[in-house]
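Please read the structure below before turning to the comments.
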Amino acid sequence: MNIATWNVNSLSVRLPQVLDWLAANPTDVLALQELKLTDDKFPVAAFKEAGYQAHWFGQKTYNGVALISRTEGVDLVKNIPGFEDEMSRVIAATYGDLRVIGAYFPNGQAPDSDKFAYKMRWLDALRDWVKDEMTRHPNLVLMGDYNITFDELDMWDPVGLKDTIHCTVEEREKLQALTDLGLTDSFRLFEQPEKSYSWWDYREFGFRRNRGLRIDHILITPALKDRATACVIDRAPRKNERPSDHAPVVLTLGD
DNA sequence: ATGTCACTCGCGGAGTGA
């Protein structure tokens, strides 16, 4: 089965691309981030017509997340329980014995900003909740736009971008707190092309020059690690006429 | 190059966020 995550940077704009991509890449569960639309504007009919179910958690202008799936999910959770948040960033559901959490992590703006402090608090709350979820769900996927790189391999310019947003020690410590729960970065389980990134700035011909970051991740529990057979970043949609700045990341699981 | 894109408010284009 295929599990995927994609920050679409406005689902209204990118819906045709998402439907095209699903038609070409049959996917069991696709997590979307940055819907940038309210719940009443979610294109549920278009997904239904394409043979997909959906759960969504929208917000005006900013954020917004969804899970698109072949079968309907149960035990739906929106945002991090117990963590007060005005922003729609997390959606979780269970498909068979698979627990899926889709998340749009805070950007953080700059290391000395209020938004960075919020990012740190949010990451602490996420860790505590995911730890709890893992006690109930041995087969768990935590995927989305993390807005954090793991290391220099995930950066097009490790020297110039050292300690900048998405690449600070503080953010990486919080990311490690997630992997310390026993979660694995599925992308690095497999041999990957050099300079693999999942996001490229729209400016400065970032994609064409492959000046990107790998900030979209699929983390998995040990039971799923045993089933993982591939994880790839699909750069094809980034070559579309009006692309998202992110590319989808796809994990393949065997039985 | 402060370089692009998507959104809001509200009807032109500045302001915000990424």
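A quick note: this is a predicted structure, and the numbers were derived from the prediction, not measured.
- When the nucleotides dA18(B), dG3(B), dT4(B) are ranked by their closest atom to the side chain of Tyr202(A), dT4(B) comes out on top.
- Crowding of Asp40(A) atom CG: a count of heavy atoms from other residues, nucleotides or ligands under 6.0 Å exceeding 12.
- Val232(A) and Val29(A) fall into different hydrophobic clusters, where Ile, Leu, Val, Met, Phe, Trp and Tyr residues are linked whenever their side-chain heavy atoms come under 4.5 Å apart, directly or through other members.
- dC7(B) atom P lies 11 Å from atom NZ of Lys41(A), rounded to whole Å.
- Separating the C1' atom of dA1(B) from that of dG12(B) is a span of 25 Å, rounded to the nearest Å.
- Ring geometry for Phe105(A) versus Tyr146(A): interplanar angle under 30°, hence parallel rather than tilted (30 to 60°).
- Residue contacts for Phe207(A): at a heavy-atom cut-off of 4.0 Å it reaches no nucleic acid atom on any strand shown.
- Lys36(A) and Asn9(A) form a side-chain donor-acceptor contact under 3.5 Å, judged by distance and modelled atom types alone.
- Remark: P of dT8(B) and CD of Gln59(A) are 11 Å apart, rounded to the nearest angstrom.
- Of the listed residues (Ile91(A), Val130(A), Leu219(A)), just one forms a side-chain contact (heavy atoms from CB on, under 4.5 Å) with Ile101(A), and that residue is Val130(A).
- Lys60(A) has no side-chain polar atom (N or O) that falls below the 4.0 Å cut-off from OP1 or OP2 of dC7(B).
- When the nearest nucleotides of DNA chain B are assigned to Asp201(A) and Gln109(A) by heavy-atom distance, the more 5′-ward of the two goes with Asp201(A).
- The phosphate of dA18(B) has neither OP1 nor OP2 within less than 4.0 Å of any side-chain N or O from Arg203(A).
- Atom-to-atom, CG of Asn7(A) to P of dG17(B) comes out at 17 Å; the value is rounded to the nearest Å.
- Summarising the geometry, the separation between CH2 on Trp199(A) and P on dA6(B) is reported as 15 Å, rounded to the nearest angstrom.
- When the P atom is used for both dG13(B) and dT2(B), the distance is 24 Å, rounded to whole Å.
- Between the P atoms of dC11(B) and dG15(B), the separation comes to 16 Å (whole Å).
- In this structure, the CZ atom of Arg89(A) is 11 Å from the C1' atom of dA18(B), given to the nearest Å.
- The separation between His246(A) atom NE2 and dG17(B) atom P is 17 Å, rounded to whole Å.
- Atom-to-atom, CG of Asn107(A) to P of dC5(B) comes out at 18 Å; the value is rounded to the nearest Å.
- Taking the P atom of each, dA14(B) and dG10(B) are spaced 16 Å apart, rounded to whole Å.
- One can place OH of Tyr62(A) at 8 Å from P of dA18(B), the figure rounded to the nearest angstrom.
- The shortest distance between the side-chain N/O atoms of Arg242(A) and the OP1/OP2 oxygens of dT4(B) is not below 4.0 Å.
- Annotation: of the two residues near DNA chain B, Ser10(A) and Asn147(A), the 5′-most nearest-nucleotide partner is Ser10(A).
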